[in-house]
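Quick notes on the structure that follows.
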Number of protein chains: 2
Amino acid sequence: MEREMTQTTARRIAKDCLAVRVRLLNRVVTGVYDDVLRPLGIKVSQLNVLVVVANYDSPTPTKIGKVLHMEKSTLSRNVDRMVARGWLRIATGKDVRTHRVTITPKGRALLEKSLPLWQQAQEESEALLGERVTRAVCQAADRIWADGKS
Amino acid sequence: MEREMTQTTARRIAKDCLAVRVRLLNRVVTGVYDDVLRPLGIKVSQLNVLVVVANYDSPTPTKIGKVLHMEKSTLSRNVDRMVARGWLRIATGKDVRTHRVTITPKGRALLEKSLPLWQQAQEESEALLGERVTRAVCQAADRIWADGKS
DNA sequence: CTCACTATGTTGTATATACAACCTTGTGCC
DNA sequence: GGCACAAGGTTGTATATACAACATAGTGAG
């Protein structure tokens, strides 16, 4: 395998790869929110779960996973941690298989306390990405969410 | 803590949050590449490291971390795994602290084999995001990379 | 030259993530 | 009713990620 060929291939991928770029943005933006939220002991990943639970009426883990495009096993353990912290509660309905996830008063309080810090991180991120990119990212996510519903 | 307040806060965050959207895109796009690359036993996260190593001349882990905006500890362990698979090699220079990371022949071969699959995932992702978003994501990443150099 | 500081990496710990295999429970077909 | 199949969750395993604490080795000021 010759060096020039490797160089060419590597440059080809580096020049255009969407994955490396989306993953980079993810790390940078997640870092902005996590830094700001740190005093509250919550990370943006968990805040997002809290928001989904508050927005849907006691959704099942599967439902949350569908909204966030996360594996059920990932959700399972993320929810576990949040239950352990007292932010969420699990209730079992008639169908013993399906669990309903509910936000606790402690979870509500945390959500309220998060709002101003979230706002700060939001502004910082928008400034970092610029208005055009911010709009594009929202558009892309909305498209994915719309696809899921059809 | 009242229900209405929680609802309002949750909707406020859900409506605009950049973090949840960037993280969503990251999961979806990473999934597209990982699915396509699976037959080769490499994930796009490691392919990206391989590309950086091939593009810079035997960079240090710190250098790779700076390019990808990754913690040095993250890089340390990612590189370990790739060394264990025989795709990378570590050499120590005069400064015993600094390690130089080199791609092995096996790593080169893997990179070449990855190219057509990467191309396929790239096209699939571009179609998924649309041209406008694709351009915006590249613009945002390029801005971050430019900032790092100044 | 020495000491404080910085740069580079590694390790301990915790979270986030996904895939595969599994268990349990509804459901629908016959 | 009984059985095959689908749906919902959990667990085992592995990777990816970050922060904090540490170890070690250059570097520069005096």
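Keep in mind that the numbers below use all heavy atoms, side chains included, and drop hydrogens, waters and symmetry copies. Quick note on labels: first sequence line is chain A, next is B, and so on, each numbered from 1.
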| note | Looking only at C:dT11, C:dG26, C:dT8, the nucleotide nearest the A:Val96 side chain is C:dG26
| Nucleotide C:dA14, atom P - distance to CD1 of A:Ile42 in whole Å | 18 Å
| remark: A:Glu71 CD to C:dA16 P, in whole Å, measures 16 Å
| Which nucleotide sits closest to the side chain of A:Asp95: C:dT17, D:dT10, C:dG26? | C:dG26
| message | With a cut-off of less than 4.0 Å, is there a side-chain N or O of A:Asn78 near OP1 or OP2 of C:dT17? | response | yes
| field | Residue B:Ser76, side-chain atoms from C-beta onward, closest of C:dT17, D:dA18, C:dT11 | value | C:dT11
| field | N/O (side chain, B:Ser73) to phosphate O (OP1/OP2, D:dA18) under 4.0 Å | value | no
| query | Does any donor atom in the side chain of B:Glu126 or B:Gln122 lie under 3.5 Å from an acceptor atom in the other side chain? | reply | yes
| message | On the nucleotide C:dT10, are OP1 or OP2 found under 4.0 Å from the side-chain N or O atoms that B:His99 carries? | response | yes
| Test applied, side-chain contact (heavy atoms from CB on, under 4.5 Å); reference residue, A:Leu25; option that passes from B:Leu18, B:Asn26, B:Val22 | B:Val22
| request: Find the distance B:Asn26:CG to D:dT15:C1' and express it as a whole number of Å. | output: 14 Å
| message | I want to check one thing: is the phosphate of C:dT8, taken as OP1 and OP2, less than 4.0 Å away from some side-chain N or O of B:Thr98? | response | no
| Between B:Glu112 and A:Thr9: side-chain donor-acceptor atoms closer than 3.5 Å | yes
| Does the side chain of B:Glu124 pick up a donor-acceptor pair with the side chain of B:Gln120 at under 3.5 Å? | no
| query | Looking at the side chain of A:Arg77, which of C:dC19, D:dT15, D:dG9 is the nearest nucleotide? | reply | C:dC19
| field | Side chain B:Arg100 and base C:dG9 donor-acceptor under 3.5 Å | value | no
| Most 5' of A:Thr74 and A:Lys43 on DNA chain C, judged by nearest nucleotide | A:Lys43
| query | When all nucleic acid strands are considered with a 4.0 Å heavy-atom cut-off, which category describes A:Arg27: base, sugar-phosphate, or nothing? | reply | sugar-phosphate
| Interatomic distance where CD belongs to A:Gln46 and P belongs to C:dA16 [whole Å] | 4 Å
| Short side-chain donor-acceptor distance under 3.5 Å, B:Arg89 and B:Thr104 | no
| query | Tell me: CE of A:Met70 to C1' of D:dT10, nearest whole Å? | reply | 17 Å
| query | Atom CG of B:Leu68 and atom P of D:dA18: how far apart are they, to the nearest Å? | reply | 10 Å
| message | Taking donor-acceptor contacts at under 3.5 Å, does the side chain of B:Arg97 reach the base of C:dT8? | response | no
| Rounded to the Å, how far apart are B:Leu37 CG and D:dT15 C1'? | 15 Å
| note | Looking only at C:dA18, D:dT15, C:dT17, the nucleotide nearest the B:Arg23 side chain is C:dT17
| task | In whole angstrom, give the distance that lies between atom OH of B:Tyr33 and atom C1' of C:dA18. | result | 19 Å
| request: Take B:Arg85 and A:Arg38, find for each the nucleotide of DNA chain D with the closest heavy atom, and name the residue whose nucleotide sits nearer the 5' end. | output: B:Arg85
| Start at the 5' end of DNA chain D and walk down; is the nucleotide closest to B:Ser45 or to A:Asp35 reached first? | B:Ser45
| said: What contact category does B:Thr30 fall into here, base, sugar-phosphate, or nothing, at under 4.0 angstrom with non-hydrogen atoms? | reply: nothing
| message | Just N and O in the side chain of B:Thr62: are any of them under 4.0 Å from OP1 or OP2 of C:dG9? | response | yes
| said: Is it the case that the side chains of A:Thr30 and B:Arg23 hold a donor-acceptor pair, with the cut-off being a distance below 3.5 Å and no angle test? | reply: yes
